Amino acid sequence: MSEIPKAYEPQAVEDKWYAFWEKEGCFTANPASPKSTYAIVIPPPNVTGMLHMGHVLNNTIQDILARKARMDGKEVLWLPGTDHAGIATQAVVEKTLRKEGKMRHRDDLGREKFLEHVWAWKEKHGGIIIQQLKKLGCSCDWSRLRFTMDPEYSRCVQRVFVELYKKGLIYRGKRMVNWDPAARTALSDEEVEMVETKGHLWHLKYPRLDAAGQPIPDQFVVVATTRPETMLGDEAVAVNPKDERYTKLVGTKVRLPLQDKPIPIIADEFVDPQFGTGCVKVTPAHDPNDYAMGTRHQLPFTVVIGPDGKMTPEAGDRFAGLDRTEARKAVVEHLEKLGLLLKVEDYVHNVGHSQRSGVPIEPRLSEQWFLRYPAVAQARACVLQDGGTGLSSGTGDSPVKAGNLPSELADKLPAGTGQWPVPPSNMRFHPQRWAKVYDHWLTNIQDWCISRQLWWGHRIPVWYNQPGLALLNQKNVVVVELDEAPIPHTTVREAREAAWEFLEARGWLNKAFRNLDTGYDFLVTQSGLKHAFSHAGVENVIAATVLPDLIRTAIFVGETWHEPRIPEIKRVLQLFAALRFEGALVAVKITVKEYQDGSRVYDHEAEKIKASDGQSLGRRSADGVLRDQPTSDAGVPLRQLIPDVNREGAFTRVQENQPGKGWEQDPDVLDTWFSSWLWPFATMGWPEHTDTLKKFYPTTDLVTGPDIIFFWVARMIMAGYEFMGDLPFRNVYFTGIIRDKQGRKMSKSLGNSPDPLELIAKYGADALRFGTMRSAPLGQDVLFDEKDVELGRNFCNKLWNACRFRQMQGGEVQAEIVPALLTSDDKWILLKLSQAIEEITAAFADYKFNEATATLYRFFWSEYCDWYVEASKAILSGNSQSEPAQSGGVDHPQPDGLAPATPEARKANTLAVIDFVLSHTLRLFHPFLPHITEELWHGMGYTDDMPEDQGGKTILFAPWPKPFDADEKAHYGLDDATLTFVNAKYDLISQGRNLRRAGNLPGNKKVRYALKPTVELSPLDLEVIKLLLHAETLEVNAAFPGGKGTPTCRTALGDLFLPLEGLVDVAAETARLSKELEKIEAEIAKVETKLNNPNFNQKAPAKVLAEHQQRLAEWQSKRDHARNALALLQG
RNA sequence: GCGCGCUUAGCUCAGCGGUAGAGCAUCAGUAUCACACACUGGGGGUCGCAGGUUCAAAUCCUGCAGCGCGCACCA
């Protein structure tokens, strides 16, 4: 490091070292390494995204963890990559193409052309954020860079879909989903944000009709609604059956205004009589609750709002084509004209909005693919809810252990699989409180709508074909439900046990067999089946299976199956699942087509079975999937209720690769999160058992924001268990949200989001990292201010200059510290260094990076630079021996036992201490400030005596510092007495400087001090004091008389005087002393009160008592001194 | 409605049972030979409010208020 610039210039340094690290392959993980493992996968940023402050926070933390792990001697994999971000990316590209006039709607281009544009966009913008991460200094293994749309990754997604489909966890169905009319796609529940909205409650009057269908004059039913435009699709008015005001009306009709059609008044428990008028308009096709009522009451589903948010022809000529917001106004206007608008109230309510496009969500009945979440029990059990040993340690009574199963069942398990999967280890969230949020979500999850009506993404690996192909065999199948089956269970395991007990108790259990995919299937006896079928009037029952986690029974009739046919049974159950949620009890005719290649295709026709007792045979499942789905009465042909379940008449084929001719793929793509939930293992080569996977899975830490705890974290955990049989990571660090100084979220529209790259250009990446980490406490939001980066820059500059100071002293790196030559200041800084190492290492263990930076800041700036470096100048400037302090006759033995030595030897020893401290400090700083520490590590020559792989080539692999152990402390003579003495010395200096200031003497003026010591001070100590006081002379005189014009203070090492020879402003000095005295007396009073309390004396620990007594003595001594000085001043 | 978090100096936060701390800002002084991206010194807080436990409470408990977040939701 020659010709060191005065100020640190980060730009060239940072690029130089980043290139060096990359070239040397420093970030590349080696699966064959014998070292223990540290792994972390990046939360993949949007492939076309740009680096923002959130990325800076998140990736800085990951880089710090990765770099620290390397220094700890771990084999580190930080696996980077990007996400295709379906909706976001497609929206951006669509917008651009529209702007460029290349299309108005994507349909203009067609799927293939459009996707070409997206890929082109990806090629152009996809690498930007990676380059930006490099600018930040991220030590990712770029050789393993992955993208969620890579061919290998896409195959993982397909494979997972097929697997889950085969297990019956993925199904297709028509349901009310969250529809985004702007993006024109379905969304999952997690993508809907409830926004408090100021709206209105419109009270509408629906004219009552008499039995003949004629309006009864002046008789109305009043309904209240927040969405008047939906009234065009009303099919009923509902009241509570117990509401006596309206019981008479149930069964009569009203006339739906504007549509001019009669609709019934129905009774439904759902209606809260207390709310509003107690009458609810029912719009089955446009509201989830109304949909449920519509199903219960067999109402038509009249669709008046289309997928684009515009009114359909069904809404009537006046409204068709209007946007839903315009339609609202128009409907209200018309109703007002007709005198049917009773009143309008202001009303604040929560409205679901699309997180993506921001528009209000439109509940819409449509056919989608759903996933019933796998491995929920494991996912719940593995996350520790408290700081201790947690819910299930995996060694104790785990709730998913085989021991809880009936023993007969356990006996039937195949050898070697005697247990249900047990979480092999636990996971911690940091901060812990997120575990509760996570658990709450997992206990309440509904099935995940995974299909999206987009083009950019993983296309659903499902193909359809028209019927008419060769049919090899055919079976007629009827599906019913064991109506009495008790199902008050919340977990799959409990449900299985319950099913077992239920069947066993009745003697209906024929056989249970292990199903590798789903756990257990049960075969039911003839009598059990007959009983079940007596409801439906079906005879000739042959065999049945119960899949208890679905809690329903499939019964096959018409043909005897001697052996259970697992695929068939499963398939039927899947079909049943798809149909069952509609609330209908159905007979299903299953057609099975077997092709020459051995594959089978199933299709079905379904129709409702009339229940023998006329009651609903539907029942609600207790475990989620069908919970809120309605049951319905018998009688309505299913086809009318569900127009095209599973694409009526089509065959379905679900597989990874495209089948032969004649098959057409499902047009929809999968939710982006359906690919990202595989990230921790799909990036490592799964499903192959790659070396990388074996070495680095499960990963160690995950760093991400709590806003995607459900979207991503929870789902990754489930996928980890489901496909790897183990959790994906052991710790999750949740960052805060980056906000601006005023606490507002950073956003483009507010313009309060600084560009990290500009900050890096201006201050350096290290400065940005340090500033960000310093202001980011664990789990708290970060109020970011450019000042923080400035502080980081200043800090780097300080570090730079401290090293520059060392360089200017010249000489080689001094490796040998001679204990006998250590000064008290040397020992002090070595102790402080050791303490800092302890604190920083502990902070790392708790993921408290801001504490680590605070400690580094304090240690390096306040302790090393401000005190140690300044004190060391007493030796380094070389005059400590030749020019001893003015002594007042005190002869100086060496109180700190300094051995005799030449000035050169002393100097060398001080440099050795400096080199020791700096080489340790650089390592402590390296995870936070990778570039500057590497530059200085080389520049200072600290690489020289290090082995190549432990810091000799790069600081990256230098060992993490350790604090001194007891032996080392003894070796160097580092004890508490030294610490106390040096602290007292520095306190004396501080007080002395205060005197100077009180005397109004500028800092640059050399002044004379006098010290009346109470302890023996070495010449070196006196030299240090003199130097740091910026004193011209320091007179040491045990009998110093003081005097009228002599400001003075009392310290632990003696009284210090500033003889001003009459220059002092008596009035000012009197004021200063009086004020100080006042303060001292207040302190004394405080301590005395405590000490005078007999309870305190009796009950407080002796140590505390002694502390208080000592403190009192100190204050009293100071008081005496101040009183004396005051008296002198006045006398 | 349920749950979680926060409330300490002008600002951002640390402290989580025994003398109220840091950084920034502010005021005063300083071009001294590592650093003015610096150095020196000062001022500034009844630790949200009210109870309780304790010899002792910013720190533990209870209640309340304000702010923020998450979940749920009846038109």
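Remember, it's a predicted structure, so these values are computed and weren't measured experimentally.
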Looking at [X], does any N or O in its side chain come under 4.0 Å of the phosphate oxygens OP1/OP2 on [N]?
X        : N      : result
A/Tyr347 : B/rA75 : yes
A/Lys848 : B/rA14 : no
A/Trp441 : B/rC4  : no
A/Lys436 : B/rC71 : no
A/Asn289 : B/rC74 : yes
A/Arg993 : B/rG41 : yes
A/Asn994 : B/rU40 : no

How far, in whole Å, is [M] from [N] if one measures between their [atom1] atoms?
N      : M      : atom1 : answer
B/rA36 : B/rG45 : P     : 34 Å
B/rC27 : B/rG63 : P     : 46 Å
B/rA58 : B/rC6  : C1'   : 15 Å
B/rC11 : B/rC71 : P     : 31 Å
B/rC4  : B/rA72 : C1'   : 15 Å
B/rA38 : B/rC24 : P     : 8 Å
B/rU26 : B/rG44 : C1'   : 9 Å
B/rA65 : B/rG29 : C1'   : 45 Å

Which comes earlier along RNA chain B counting from the 5' end, the contact point of A/Phe275 or that of A/Glu193, where each point is its nearest nucleotide?
A/Glu193
Quick check on RNA chain B: between A/Ala7 and A/Lys1075, whose nearest nucleotide comes earlier from the 5' end?
A/Ala7
Nucleotide nearest [X] (side chain, heavy atoms from C-beta), chosen from [options]:
X         : options                : value
A/Ala802  : B/rA34, B/rA56, B/rA75 : B/rA34
A/Lys1079 : B/rG42, B/rG43, B/rA34 : B/rG43
A/Lys1086 : B/rA34, B/rA75, B/rA20 : B/rA20
A/Glu851  : B/rA38, B/rG15, B/rC55 : B/rG15
A/Lys1090 : B/rC73, B/rA56, B/rC71 : B/rA56
A/Trp861  : B/rA75, B/rC39, B/rU19 : B/rC39

A/Met231: which of A/Leu204, A/Val304, A/Leu340 passes side-chain contact (heavy atoms from CB on, under 4.5 Å)
A/Leu204
At 4.0 Å (heavy atoms only), tell me whether [X] reaches a base, stays on the sugar-phosphate, or touches nothing.
X         : result
A/Leu791  : sugar-phosphate
A/Val1087 : nothing
A/Asp866  : sugar-phosphate
A/Arg433  : sugar-phosphate
A/Asn1093 : sugar-phosphate
A/Arg1111 : base
A/Glu790  : nothing
A/Arg858  : nothing
A/Pro1094 : nothing
A/Ala854  : nothing
A/Lys1103 : nothing
A/Trp202  : nothing
A/Cys796  : nothing

Measure the distance from [atom1] on [X] to [atom2] on [N] and round it to the nearest whole Å.
X        : N      : atom1 : atom2 : answer
A/Asn801 : B/rA36 : CG    : P     : 7 Å
A/Trp434 : B/rC69 : CH2   : C1'   : 7 Å
A/Tyr438 : B/rG5  : OH    : C1'   : 21 Å
A/Glu9   : B/rC37 : CD    : P     : 14 Å
A/Arg774 : B/rA22 : CZ    : C1'   : 7 Å
A/Lys787 : B/rG23 : NZ    : P     : 15 Å
A/His349 : B/rA75 : NE2   : P     : 7 Å
A/Lys6   : B/rA38 : NZ    : C1'   : 10 Å

Scanning both residues in full, the closest heavy-atom pair of A/Glu1032 with A/Lys1026 reads O-CE, 3.3 Å
Can you tell me if [X] uses its side chain to pair, donor with acceptor, with the backbone of [Y] under 3.5 Å?
X         : Y         : value
A/His430  : A/Asp846  : no
A/Arg993  : A/Leu1028 : yes
A/Asn1092 : A/Glu1088 : yes
A/Thr225  : A/Arg227  : yes
A/Asp788  : A/Asp785  : yes

No-H, no-angle donor-acceptor pair, [X] side chain to [N] base, under 3.5 Å:
X        : N      : value
A/Arg804 : B/rC35 : no
A/Asn350 : B/rC73 : yes
A/Glu870 : B/rA34 : yes

Which dot-bracket string fits RNA chain B when only Watson-Crick or G-U wobble pairs with both atom distances under 3.5 Å count, crossing pairs get [ ], and | stands for a partner on a different strand?
((((((((.[[[[.)..(..]]]].(((((.......))))).....[[[[[..)....]]]]])))))))....
Decide if the gap between the ring center of A/Tyr733 and the ring center of A/Phe849 is smaller than 6.0 angstrom.
yes
For the aromatic rings, using the six-membered ring if either is Trp, is the centroid distance between A/Trp861 and A/Tyr857 under 6.0 Å?
yes
Cut-off 3.5 Å, side chains only: do A/Asn240 and A/Asp268 have a donor facing an acceptor?
no
Does the plane of the ring in A/Phe734 sit parallel, tilted or perpendicular to the ring in A/Phe429? Use 30° and 60° as the thresholds.
perpendicular
Test log, rule salt bridge (charged side-chain N to carboxylate O under 4.0 Å, His left out), inputs A/Arg1072 and A/Glu1069
CA-CA 5 Å; A/Arg1072 183 185 76 87; A/Glu1069 180 62 8; 2.9 Å; yes
